[in-house]
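Reviewing the structure listed below.
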Amino acid sequence: MDDMVVKKSEDFSEWYNEIVELANLTDKRYPIKGMNVWTPYGWKIMRMTDEFIREELDATNHQEVCFPLLIPETEFKKEADHIKGFDSEVYWVTHAGLNELDIRMCLRPTSETAMYPIFALWVRSHSDLPLKTYQIVNTFRYETKMTRAFIRVREIHFFESHTCHTTEEDAQSQVEEDFVILEKVMRHLALPYFLLTRTEWDKFPGAYYTVGVDCPLLEGRSLQLGSIHHYRENFSKPFDIKYEDVDGTLKHVHQTTFGMSERLVGCTVAFHGDDKGLVLPPDVAPIQVVIVPILAKGKVEEVMVAAQRLRDDLKKSGVRVHLDDKDERPGSKFYNWEIKGVPLRLELGQRDLAEGKVCFAVRHDGTKGSFLRATTVEDVHSKLQEIMRVMNESAWKRLSTAVATIDSLENPPKKILRFGWCGEESCGREIETRTELKILGTPYIKEAFHAKCLICGKETDKPTYAARAM
RNA sequence: GGGUCUGUGGGGUAGCUUGGUAUCCUUCCAGCUUGGGGUGCUGGUGACUCCGGUUCAAAUCCGGACAGACCCA
């Protein structure tokens with residue numbers, strides 16, 4: 001492996017590209033742009049993230065389903081705005097064997113049009129509602145811009161939850177539940193985020209409104225991690241999803257969706273990583289603890305046995321632990337495990353054996369110390385918990401310092417900007433053009449604010465956020 | 001959609017102008033050495049994207065395909 005040569009603060013893009021390769025999260029050599037291979041280490045992070053998502057969705061009575069990948073063109077075209085939003089970026093299957101298909105099929109860019117014809121069959125009466133489903137699948141979008149591992153790809157691993165409700169209010173309460181699910185998942189990744197209602201021109205094609213989940217990165221960048229949509233009856237009408245209400249009348253359901261992708265992995269890399277490599281929160285670290293034995297001539301056997309015992313003790317207690325028994329210098333191992341972002345390193349040598357201790361080093365803040373061997377198992381558990389807590393605290397602190405409130409467009413700082421905007425598209429577009437930023441939207445959760453629109457001067461009592469979108 | 005450029009061992013590169021033995025670093029493998037922050041030595045495996053053309057001879061020149069990067073709409 002080559003050295004990390006690029007510093008995160010100097011060239012973020014290069015740094016990111018380098019780190020995902022050095023840490024061996026992905027193999028970018030697959031010969032299709034934007035379709036990368038998940039390597040074992042990267043895939044484990046994704047799988048654990050998926051598991052947390054599954055846990056929360058199951059706990060809120062969502063049912064996991066799995067719909068086909070192919071969608072007939074006839075279904076795909078049922079919702080006019082939806083097709084308009086996606087037609088430039090779907091892959092089409094036009095042939096089967098030697099035959100040209102009468103009706104083309106697209107690879108799902110998202111699954112509304114695959115699921116909703118079937119939902120129309122599943123939903124008959126109000127007692128079938130709410131219908132709460134989700135699936136964890138891959139989806140395909142033909143990106144023409146520069147691709148980037150986990151962040152902008154053409155085959156996207158994601159989860160999507162789709163729900164149907166009797167009323168708009170019930171659908172609204174689903175949106176609120178999604179925020180709770182989101183918060184729990186994000187805690188495991190130690191990622192902070194904004195919840196911003198997107199502008200009319202940026203909402204999901206076909207949605208009534210869209211709330212974006214945005215994570216702040218360096219220098220005023222933001223990365224959209226997910227979105228929560230309220231559809232009202234925009235899809236249930238074209239797909240004819242109706243239920244018979246208590247009074248015997250037929251009504252269209254109100255729908256919501258919530259989705260997040262493999263960007264969660266990319267964002268974990270981008271947000272926590274540093275110049276030494278990855279920094280993984282213990283909850284999603286494939287290896288939480290690595291043991292590096294310090295082997296001195298003549299004492300190899302004794303130290304190795306003690307290291308194996310330590311590994312077994314930790315493993316038994318439920319820690320994901322790895323004993324690095326390769327024949328390499330310890331210093332070289334330290335560098336390698338730091339690149340891979342292992343949260344906690346334990347060192348065990350002759351000196352420690354004599355003193356009844358185990359040395360440790362914490363990845364995210366570089367602190368070092370030692371545990372008593374007798375209490376190491378408990379100490380490791382509480383250290384991992386402490387790391388999660390501290391990483392979350394500092395993450396949210398970073399979010400608050402990533403924002404600058406401005407009252408004019410003169411020399412805006414390189415931060416995520418917060419300002420007054422009247423809500424008119426013409427003013428919004430002008431702000432975007434002049435700052436070369438993207439308006440992310442207005443906070444879903446009301447913030448105390450009062451200012452004038454940066455363009456027309458009209459008063460407003462809600463702030464708008466804008467950032468360099470990645 | 002229009003244009004510019006690029007493609008050499010697993011990774012990064014030199015060589016291409018002016019055609020003739022493919023360079024160096026790293027990784028990997030073996031052995032010795034070393035061992036609390038990137039040990040050192042010796043040896044080894046491994047490459048010119050593909051198809052066609054020109055030529056005695058092509059990584060090098062020409063044409064095309066494929067893949068990628070960048071710029072413009």
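In what follows, every heavy atom counts, from backbone to side chain, and hydrogens, waters and symmetry copies are set aside. Below, read A as the first sequence line, B as the second, and so on, with proteins coming before strands; counting in each chain starts at 1. Fair warning: this is a prediction, and the values are worked out from it, not measured in the lab.
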Integer angstrom distance from the [atom1] of [N] to that of [M]:
N	M	atom1	value
B/A65	B/G7	C1'	13 Å
B/C48	B/G20	C1'	15 Å
B/G9	B/C25	C1'	13 Å
B/C62	B/C5	P	11 Å
B/A59	B/G15	C1'	9 Å
B/G3	B/G63	P	15 Å
B/G43	B/G37	C1'	29 Å
B/A67	B/C29	P	34 Å

Which pairs of donor and acceptor atoms, one on a side chain in residues 99-106 of chain A, lie under 3.5 Å apart (sequence neighbours left out)?
| residue | atom | partner | partner atom | Å |
| --- | --- | --- | --- | --- |
| A/Arg104 | NE | A/Glu73 | OE1 | 3.1 |
| A/Arg104 | NH2 | A/Glu73 | OE2 | 2.9 |

Give me the residues of residues 352-376 of chain A where at least one heavy atom lies under 4.0 Å from an atom of RNA chain B, by number, or none. A/Asp352, A/Cys359, A/Lys368
By a strict heavy-atom criterion of less than 4.0 Å, which residues belonging to residues 29-41 of chain A are in contact with RNA chain B? A/Arg29, A/Pro31, A/Ile32, A/Lys33
In whole angstrom, give the distance that lies between atom [atom1] of [X] and atom [atom2] of [N].
X	N	atom1	atom2	answer
A/Lys326	B/C28	NZ	C1'	10 Å
A/Phe334	B/G35	CZ	P	14 Å
A/Asn24	B/C28	CG	P	12 Å
A/Ile294	B/G35	CD1	P	12 Å

Identify each donor-acceptor pair in which a side-chain atom of residues 385-393 of chain A lies under 3.5 Å from a protein atom, sequence neighbours left out, and give them as a table.
| residue | atom | partner | partner atom | Å |
| --- | --- | --- | --- | --- |
| A/Arg389 | NH1 | A/Glu393 | OE2 | 3.3 |
| A/Asn392 | ND2 | A/Arg187 | O | 3.0 |
| A/Asn392 | ND2 | A/Met388 | O | 3.2 |

Can you tell me if [atom1] on [X] sees more than 12 non-hydrogen neighbours from other groups inside 6.0 Å?
X	atom1	result
A/Glu425	CD	yes
A/Phe67	CZ	yes
A/Lys462	NZ	no
A/Lys357	NZ	no
A/Glu89	CD	yes

Between [X] and [Y], does any side-chain donor sit less than 3.5 Å from a side-chain acceptor?
X	Y	answer
A/Asp50	A/His157	yes
A/His229	A/Thr210	yes
A/Tyr134	A/Glu64	yes
A/Tyr209	A/Glu200	no

When both hydrogen-bonding distances must be under 3.5 Å and the geometry is Watson-Crick or G-U wobble, what is [N] paired with, if anything?
N	value
B/C61	B/G53
B/U42	B/A30
B/C70	B/G3

B/G38 base stacked by A/Tyr335? Criteria: ring centres under 5.5 Å, plane angle under 30°. yes
Readout for nucleotides 40-48 of chain B: B = base within 4.0 Å of protein heavy atom, S = sugar-phosphate only, - = neither; 5' to 3' it is ---------
Do you know which two heavy atoms are closest between A/Glu338 and A/Arg363, and how far apart they sit? O-NE, 3.0 Å
Tell me if the side-chain of A/Glu21 makes a donor-acceptor pair with the base of B/G10, cut-off 3.5 Å, by modelled atom types. no
Expected list for residues 297-313 of chain A: side-chain donor-acceptor pairs under 3.5 angstrom, two or more places apart:
| residue | atom | partner | partner atom | Å |
| --- | --- | --- | --- | --- |
| A/Asp313 | OD2 | A/Arg373 | NH2 | 2.9 |

Please determine whether a side-chain nitrogen or oxygen atom of A/Arg329 lies at a distance below 4.0 Å from atom OP1 or OP2 of B/G36. yes
